[in-house]
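Counting from 1, the numbers follow the sequence of the chain as shown. Because the structure is predicted, anything quoted here is derived from the model rather than measured.
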Amino acid sequence: MTVPYNPASSKADEFINHEEIMETLAYADEKSKDKEFCLSLVEKASHLKGLSHREASVLLKSEDPEVTETIYDLARKIKDKIYGQRIVLFAPLYLSNYCINGCVYCPYHAKNRHIARKKLSQEEIVREVTALQDMGHKRLALETGEDPVNNPIEYVLESIRTIYSIKHKNGAIRRVNVNIAATTVENYRKLKEAGIGTYILFQETYHRKNYETLHPHGSKHDYAYHTEAMDRAMTGGIDDVGVGVLYGLNNYRYDFAGLLMHKEHLEAVFGVGPHTISVPRIRPADDISVDAFPNSISDDLFKKIIAILRITVPYTGIIISTRESAKTRASVIEVGVSQISGASRTSVGGYAEEEEEDSAQFEVNDNRTLDEVINWLLTDGYIPSFCTACYRAGRTGDRFMSLAKTGEISNCCQPNALLTLKEYLVDYASDNTRKKGEAVIAKELDKIPNPQVRSTCQAYLDKIIHGERDFRF
């Protein structure tokens, strides 16, 4: 019996429908040969209304160089119009690598006897967060393996309370995003009450059969429970959710279509799609070799995927981590990425002390310090931002999207980016970075559209020099 496609359904096999994806890929095979049709899709996307999963899949399949360049040109324009030159920075914080799952692409899998298992105590969390604050970070993404004994929801909630309580010199973590295993509506409510920002959960792959093969045992083996997690999170009151697939595990075209269908499902049911989309590619780690995964994608294709995502979901943040090299990160920021991690450690511990050997979840490809990352962004004309204002002011979910689509968000994002950059420059930056940052602030201040907001921002900048902190619009 064929399962019907229904984006408004609560069942994973209906809103991520295999038959619909296969028909989408066949449709893309045919229509991608029509250059004029492909160019018409790019023109449609220029109106900032996005594209459907079928339309975006056509562009992904197109091999015409002119179509590809037109996609890149539009992606740059959309990125500039909505996000300006702002790049939001964050760091991951791994709390525990105890895990009961069997994910074949992750060294945390339960059968790995090489990796050193560790769980941070609250005292160790204080040391890690203090080290992160000493770098200048304001936003963290919490990570844990799935283990109901070692990593229960109570441990995660206690850790969030600890993180928010740490005030070191002028440092403070103002936003904690959470990337933990799929859980219940009740637990999502608890995370919401704890004051998290975005709940992040990667699907890895939307192909059910391959998903089950890649997750041979453990709770994560349950495809439907995992795929329907965002519905439970949003039912539990979490406005902002972050999705993503792990490119290299499965056919990229299949997962690209599935990802956009997931976005369309959330819009159909909750009125708003994902707040962020992450684009990780598989990386080697302790007992994981990328050679075991034949679906890896090239740098050029990776860039094209990100550019098409930008024109397809113009108001959704796109995140890239230190999995990617400095060169790759520079290339994809230009065509769509709006958030990056900096100075990341991907093991449990590692900020306050050196990481243990073979303990990382994946190899980091960009090992620059946070100051070096910020210096690079400033040199390339970007505005490094540590802003967390929208979440603290309740501008989340559909409220954020409505502000973004009217352009009003620029009167918040631009000044908040400059204010948080100023804090970094005064408190943490090297002399060279500080000099570059001050020049960028002076230049970008004039681009704030509202003159009253611009004037107030200047007043706040002056107060930061004299020791005051945490101003926001």
Side-chain angles (χ1 to χ4, degrees), residues 88-99 108 115-181 183 187 190-200 321-322 341-357 359-361 364 367 369-371 373-374 386-389 391-392 420 423-424 426-429 467-470 472:
V88 172
L89 289 136
F90 73 96
L93 176 60
Y94 285 75
L95 298 179
S96 170
N97 60 12
Y98 285 96
C99 194
Y108 289 2
I115 198 167
R117 299 292 173 175
K118 187 175 182 181
K119 170 184 174 180
L120 295 180
S121 67
Q122 297 306 305
E123 291 75 19
E124 288 172 323
I125 289 172
V126 171
R127 289 197 291 272
E128 288 289 286
V129 172
T130 299
L132 284 158
Q133 290 178 356
D134 277 338
M135 293 182 201
H137 277 296
K138 306 294 183 189
R139 175 191 298 230
L140 301 183
L142 293 194
E143 316 268 354
T144 71
E146 182 172 10
D147 186 325
V149 174
N150 288 292
N151 314 326
I153 190 66
E154 290 75 18
Y155 169 67
V156 176
L157 296 171
E158 182 184 12
S159 300
I160 293 170
R161 288 192 296 270
T162 296
I163 291 166
Y164 279 138
S165 73
I166 301 166
K167 303 294 184 285
H168 173 65
K169 298 180 180 176
N170 284 330
I173 300 303
R174 298 170 181 165
R175 183 184 183 195
V176 177
N177 297 334
V178 174
N179 182 359
I180 63 169
T183 187
N187 284 343
K190 291 177 181 178
L191 289 170
K192 171 69 173 179
E193 291 166 1
I196 72 164
T198 302
Y199 172 68
I200 303 162
S321 75
T322 52
S341 54
S344 301
R345 300 290 183 270
T346 64
S347 61
V348 181
Y351 291 110
E353 299 175 0
E354 288 296 314
E355 290 181 287
E356 292 187 44
E357 187 176 358
S359 65
Q361 191 188 35
V364 168
N367 290 291
T369 67
L370 183 60
D371 192 77
V373 170
I374 290 174
F386 295 90
C387 178
T388 59
Y391 313 98
R392 298 159 78 203
T420 57
E423 289 182 338
Y424 177 84
V426 172
D427 292 337
Y428 308 104
E468 296 186 53
R469 295 291 178 272
D470 199 13
R472 62 182 188 269

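The salt bridge (charged side-chain N to carboxylate O under 4.0 Å, His left out) contacts involving residues 160-181 comprise Arg174-Glu423, Arg174-Asp470, where partners must be two or more places apart or lie in separate chains. Sorted by first then second residue, the side chain to side chain donor-acceptor pair (under 3.5 Å) pairs that include residues 127-139, not counting sequence neighbours, are Asp134-His168.
Contacts of Glu468 classified as side-chain hydrogen bond (donor to acceptor under 3.5 Å, both in side chains), with partners at least two apart in sequence or in another chain: none. Considering only residues two or more places apart in sequence or on other chains, Thr162 meets the side-chain hydrogen bond (donor to acceptor under 3.5 Å, both in side chains) condition with Gln122. Here Arg469 pairs with Asp427 under the side-chain hydrogen bond (donor to acceptor under 3.5 Å, both in side chains) rule; sequence neighbours left out. A search for side-chain hydrogen bond (donor to acceptor under 3.5 Å, both in side chains) contacts involving Ser96 returns Asn151, not counting sequence neighbours.
Scanning both residues, Met135 and Ala343, for their nearest heavy atoms gives SD-CB, 4.0 Å. The minimum heavy-atom distance between Asn170 and Tyr428, with the atom names listed, is C-OH, 3.7 Å. Among all heavy-atom pairs drawn from Ile374 and Phe386, the shortest one is CD1-CZ, 3.5 Å.
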(message) For a side chain to side chain contact (heavy atoms under 4.5 Å, CB included) check, start with the C-alpha distance between Tyr94 and Thr346, then their side-chain angles and the critical distance, and finish with the verdict.
(response) CA-CA 7 Å; Tyr94 285 75; Thr346 64; 4.0 Å; yes
(message) Go through it in stages, so that I can follow the logic: the residues are Leu140 and Val129, the test is side chain to side chain contact (heavy atoms under 4.5 Å, CB included), and I'd like the CA-CA distance, side-chain angles, deciding distance and then a yes or no.
(response) CA-CA 9 Å; Leu140 301 183; Val129 172; 4.2 Å; yes
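The CZ atom of Arg472 sits 7.0 Å away from atom OG1 of Thr388, with the distance rounded to the nearest 0.5 Å. Distance check, rounded to the nearest 0.5 Å: OH of Tyr108 to OG1 of Thr144 gives 9.5 Å. Asn97 contributes atom CG, which lies 5.0 Å from atom CD1 of Ile115 (distance to the nearest 0.5 angstrom). Residue Ile125 holds its CD1 atom at 4.5 Å from OH of Tyr155, rounded to the nearest 0.5 Å. One finds the CD1 atom of Ile160 at 12.0 Å from the OG atom of Ser165 (value rounded to the nearest 0.5 Å). Atom CG of Leu120 and atom CG of Leu93 lie 6.5 Å apart (nearest 0.5 Å).
Side-chain contact check for Asp371 and Tyr424: at least one donor-acceptor pair (N or O, by modelled atom type) lies under 3.5 Å.
Remark: the backbone N or O of Val176 is paired with a side-chain donor or acceptor of Tyr164 at under 3.5 angstrom. Here the side chain of Asn177 pairs a donor or acceptor atom with the backbone of Thr198 at under 3.5 angstrom. No donor-acceptor distance shorter than 3.5 angstrom exists from the side chain of Lys118 to the backbone of Gly349, with no hydrogens or angles considered. In this structure, Ser341 contributes its side chain and Thr322 its backbone to a donor-acceptor pair below 3.5 Å.
With contacts defined as side-chain heavy-atom distances shorter than 4.5 Å, the pair Ile180/Leu191 qualifies.
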